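Below is one structure; the comments refer to it alone.
As the structure is a computational prediction, the values presented were derived from the model and not from experiment. Only heavy atoms go into these numbers, but all of them, side chains included; no hydrogens, no water, no symmetry mates.
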Amino acid sequence: VNNLLEANDFPVIAKEVIDKDDEGESIKTKLQIKGKLVLILMENVQIYNVPDNFWVDYLDLCISQLDLPNEYTFILKPHPAQSFKSIEISKDYMLNTRKLKTLVIEHNHSINYSVEVLYSLWQNNTHYVFSVFSSALYYISKLYGSEQTKYYYAYDFFKSYINNAPPQFSSYFIGLEDLLRNVFSENCIEMSKK
């Protein structure tokens, strides 16, 4: 009996997926970035009726974990089902308010790639990966685990933004806590305000 994949096979397979795409060269040209990177996973949290200020608050929380944010390029990876409004709020805040080097994954084709595949383009120079709560954070930490990269999630932070959520979604979110804390956060640090 052999494993279907060894742990170090996934990055190679992910690069092959991009290489075999008709737009593979274009995707690599647009998305491969030199220098130190920070990946911020955006979330499809509209179901919780979060206020618009959530996006700015979340980005501020992520940025506050870094001592020298100007030394990094920030990659914002929207969720494929995320609202355009929340993407625009985030993009405007990073580029025009905070004035940080930022790449937003917006091209229709590449936004639909899973972040686990796209991460193969960034694995060697990413220092931080942030998420509110996402299985992708766990998978990246497992499939690409690196001593130089720190992985953060913000479950407790997000709790204060679900006050206007329909009861079934609040219940769903609260029900995720054990899974997030005991499984998906295995290689992660919970973000806290500094």
### Message
If you apply the rule side-chain contact (heavy atoms from CB on, under 4.5 Å), what do you find for Gln65 with Tyr152, and how did you get there?
### Response
CA-CA 9 Å; Gln65 308 306 304; Tyr152 288 87; 3.9 Å; yes
### Message
Let's go through Leu59 and Ser90 carefully: what are the C-alpha distance in whole Å and the side-chain angles of both, what is the deciding distance for side-chain contact (heavy atoms from CB on, under 4.5 Å) to 0.1 Å, and is it a yes or a no?
### Response
CA-CA 8 Å; Leu59 293 170; Ser90 302; 3.8 Å; yes
### Task
Ignoring hydrogens and angles, tell me if any N or O in the side chain of Asn49 forms a donor-acceptor pair with the backbone of Ala165 under 3.5 Å.
no
### Query
Is it true that Asp156 and Arg181 have a side-chain N and a carboxylate O under 4.0 angstrom from each other?
yes
### Query
What do you reckon, is NZ of Lys150 surrounded by more than 12 foreign heavy atoms closer than 6.0 Å?
no
### Over 12 foreign heavy atoms within 6.0 Å of NZ, Lys159
yes
### Query
Under 3.5 Å, side chain of Gln123 to main-chain N/O of Tyr144, donor-acceptor pair present?
no
### Message
Tell me whether Glu116 is salt-bridged to Lys142, with the criterion being a basic N under 4.0 Å from an acidic carboxylate O.
### Response
no
### Query
If only atom types and distance count, is the side chain of Trp122 paired as donor or acceptor with the main-chain N or O of Leu31 below 3.5 Å?
yes
### Query
So Phe130 and Tyr128, would you call those rings parallel, tilted or perpendicular, with 30° and 60° as cut-offs?
parallel
### Task
Check whether any side-chain N or O of Gln46 sits under 3.5 Å from a backbone N or O of Gln82 as a donor-acceptor pair, and report yes or no.
no
### Message
Taking Cys188's backbone N and O only, do any of them form a donor-acceptor pair with Ser185's side chain (distance below 3.5 Å, no angle check)?
### Response
no
### Message
Do Phe158 and Tyr48 have side chains that approach each other closer than 4.5 Å (heavy atoms only, starting at C-beta)?
### Response
yes
### Query
Going through the distances and angles, do Tyr113 and Asp21 end up as a side-chain contact (heavy atoms from CB on, under 4.5 Å)?
CA-CA 11 Å; Tyr113 262 105; Asp21 189 300; 2.8 Å; yes
### Query
When hydrophobic residues are tied together by side-chain contacts of less than 4.5 Å, even through go-betweens, does Leu68 share a cluster with Ile63?
no
### Task
Provide the closest heavy-atom pair for Pro69 versus Leu66 in the form atom of the first, atom of the second, distance.
CD-O, 3.9 Å
### Message
The test is side-chain contact (heavy atoms from CB on, under 4.5 Å); show your working for Trp55 and Leu76 and say whether it passes.
### Response
CA-CA 12 Å; Trp55 301 103; Leu76 301 185; over 6 Å; no
### Closest contact, heavy atoms only, Ile140 versus Tyr151
CG2-CE2, 4.0 Å
### Query
Where the side chain of Ser64 meets the backbone of Leu61, is there a donor-acceptor pair that is under 3.5 Å apart?
yes
### Query
Salt-bridged, Lys85 to Glu88, with N to O below 4.0 Å?
no
### Query
Can you tell me how far the CD1 atom of Ile87 sits from the CD atom of Glu106, to the nearest 0.5 Å?
7.0 Å
### Task
Check the hydrophobic clustering (I, L, V, M, F, W, Y; side-chain heavy atoms under 4.5 Å; chains of links allowed) and say if Ile105 and Leu95 are grouped together.
no
### Message
So that I know where these two stand, are Phe173 and Tyr155 an aromatic pair - ring centroids less than 6.0 Å apart?
### Response
yes
### Query
Do Val12 and Leu143 share a hydrophobic cluster, counting only Ile, Leu, Val, Met, Phe, Trp and Tyr and linking them when any side-chain heavy atoms are less than 4.5 Å apart?
no
### Task
Return yes if some donor-acceptor pair links the side-chain N/O of Lys99 with the main-chain N/O of Asn96 below 3.5 Å, else return no.
yes
### Task
Output yes when a side-chain donor or acceptor of Asn44 lies under 3.5 Å from a complementary backbone atom of His79, and no otherwise.
no
### Exercise: identify the closest heavy-atom pair between Leu137 and Ser131
CD2-CB, 3.9 Å
#### Entry: Check: Asp57 and Phe157 side chains under 4.5 Å, non-hydrogen atoms
yes
